[in-house]
Participant: 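My structure is below; once you've seen it, I'll send some questions.
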Amino acid sequence: MAVLVSGGGTNLQALIDAEKDGSLSPCEICLVISNNEDAYALKRAENEGIKALVCKDESKLLKILNDERIDMLVLAGYLKILTGRFIRNFQKPIINIHPSLIPSFCGKGCYGLHVHEKALEYGVKISGATVHFVNEIPDGGEIILQKAVEVKPYDTPVTLQRRIMEEAEWKLLPQACVIVGNEIIGAKRRKKEDCII
Ligand code: GRF
C-alpha cells in the first residue's frame, strides 16, 4: 500500500509500528507521499527506510501509484481532497481516517483540530474515529471501522484530539488496512482460480 500524508504522521507511525510487529500483514507500506515538503511524516518514513516522495500534482500521483503497482491507498492525515477524476481513474481501494464518529463533524472544511472544536462546541459526550472508503463525497464513503471515545468535561480540542488518536485512530487504521488487504488478496486469488478453471 501507499500512504498519503500532510503533517506529523502519527497515524503513519502507527502503521509502521504495526508492520514491524507483524500485525499489519498482509499489508506492506511501499511508499509514503506528501503534498507538503515540510511534513514530519516524510522523516518518519525515511527513518524506516521507506521510499518517501513529495507530490502535489494528481496526474503525477496517479502515474507514481500505477508505476509502483500499489493495490491500496491510505490517507493518513492527508489534507487535500482527492478529485473525482483521480478516484475514478485509480480504480483501487482508497481508505481514510477521520477523527470523529461519521456522520458527525465531518465533510468539507472539517479536519484537524476543527473537528474536535465542533464536537466540544456541540457538547457531545462521546466522539471517536472512523475509517472509511473514499468516494467523491468528502468523508462520505462506506464505513469500515469505528471506535467511540469518551469526551471529558475538562477537554480542550487538543486533549480530545490526543485521546482520540491514542484510544481509537492508532488502533483502528492498521486494523482497517488488514481487513481491506485481506479482501484484496481474496479477490486476486478468486480471479486467479477463475482463470485456471
Ligand atoms: C488525524 O487526526 C487524522 O484522523 C486526521 O488528521 C490527523 C492527522 O494526524 N485525518 P497525523 O498526521 O497522523 O499525526
Side-chain angles (χ1 to χ4, degrees), residues 1-20 24 27 29 31-48 50 52-56 72-82 86-87 93-121 124 126-135 137-151 155-177 179-180:
M1 62 196 207
V3 186
L4 296 190
V5 293
S6 299
T10 62
N11 279 288
L12 169 67
Q13 191 64 53
L15 293 171
I16 291 171
D17 294 345
E19 185 169 351
K20 277 188 186 166
L24 196 63
C27 302
I29 308 165
L31 185 60
V32 171
I33 303 177
S34 174
N35 62 328
N36 165 20
E37 53 272 20
D38 298 324
Y40 184 68
L42 288 170
K43 188 100 192 83
R44 291 183 193 267
E46 282 161 13
N47 288 345
E48 302 296 330
I50 301 168
L53 308 170
V54 176
C55 180
K56 301 183 182 195
M72 177 186 5
L73 186 56
V74 180
L75 313 188
Y78 188 60
L79 295 183
K80 241 177 137 178
I81 295 181
L82 294 170
F86 176 90
I87 296 166
I94 308 175
I95 73 175
N96 180 47
I97 178 129
H98 183 77
S100 75
L101 294 175
I102 289 175
S104 292
F105 316 119
C106 64
K108 206 164 177 249
C110 211
Y111 62 90
L113 277 179
H114 300 308
V115 180
H116 308 295
E117 276 162 14
K118 283 183 193 251
L120 291 174
E121 256 166 46
V124 291
I126 300 283
S127 190
T130 305
V131 184
H132 63 92
F133 286 108
V134 172
N135 65 9
I137 303 162
D139 298 322
E142 185 191 338
I143 290 172
I144 304 164
L145 288 175
Q146 282 189 308
K147 191 168 191 292
V149 173
E150 196 184 338
V151 178
D155 265 332
T156 65
V158 171
T159 61
L160 181 58
Q161 178 185 52
R162 183 74 194 180
R163 187 172 325 102
I164 290 175
M165 281 177 159
E166 285 175 356
E167 292 184 15
E169 293 189 51
W170 299 340
K171 296 176 184 159
L172 224 50
L173 188 58
Q175 286 170 5
C177 289
I179 292 172
V180 178

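Atoms within a ligand are numbered from 1 in the order they appear, just like the ligands themselves. Everything numeric in this text was worked out from a predicted model, so none of it was measured.
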Participant: Could you measure the distance from the NZ atom of Lys20 to the CD atom of Gln13? Nearest 0.5 Å is fine.
Facilitator: 6.5 Å
Participant: At less than 4.0 angstrom from any non-hydrogen atom of Gly77, what atoms of ligand 1 do you find?
Facilitator: 6 (O), 8 (C), 10 (N)
Participant: In Å and rounded to the nearest 0.5 Å, what is the NZ to CG distance from Lys108 to Asp139?
Facilitator: 12.5 Å
Participant: Which of these, Arg163, Gln161, His116, sits in a side chain to side chain donor-acceptor pair (under 3.5 Å) with Asp155?
Facilitator: Arg163
Participant: Show me which atoms of ligand 1 lie under 4.0 Å from any heavy atom of Met165.
Facilitator: 1 (C), 2 (O), 9 (O), 14 (O)
Participant: Report yes if the side chains of Val180 and Phe133 come closer than 4.5 Å at any heavy-atom pair, otherwise no.
Facilitator: yes
Participant: I want to know if ligand 1 touches Gln161 in the polar sense, i.e. an N/O pair below 3.5 angstrom.
Facilitator: no
Participant: For ligand 1, indicate whether the residue Glu169 contacts it via side chain, backbone, both or neither (heavy-atom separation under 4.0 Å).
Facilitator: side chain
Participant: Given Leu15, Ile97, Leu79, identify the one with the heavy atom nearest to atom 10 (N) of ligand 1.
Facilitator: Ile97
Participant: Would one find an N or O of Gly9, backbone or side chain, under 3.5 Å from an N or O of ligand 1?
Facilitator: yes
Participant: Does one side chain, of Ser6 or Asn35, offer a donor that lies under 3.5 Å from an acceptor on the other?
Facilitator: yes
Participant: To the closest 0.5 Å, what do you measure between CD1 (Ile16) and CZ (Arg44)?
Facilitator: 7.5 Å
Participant: Going from CD on Glu48 to CG on Leu12, what distance comes out if it is rounded to the nearest 0.5 angstrom?
Facilitator: 8.5 Å
Participant: For atom 14 (O) of ligand 1, what is the closest protein heavy atom, and at what distance to 0.1 Å?
Facilitator: Thr10 OG1, 2.6 Å
Participant: Can you tell me if Gly112 has a non-hydrogen atom under 4.0 Å from ligand 1?
Facilitator: no
Participant: Do ligand 1 and Ala76 have nitrogen or oxygen atoms that lie under 3.5 Å from each other?
Facilitator: no
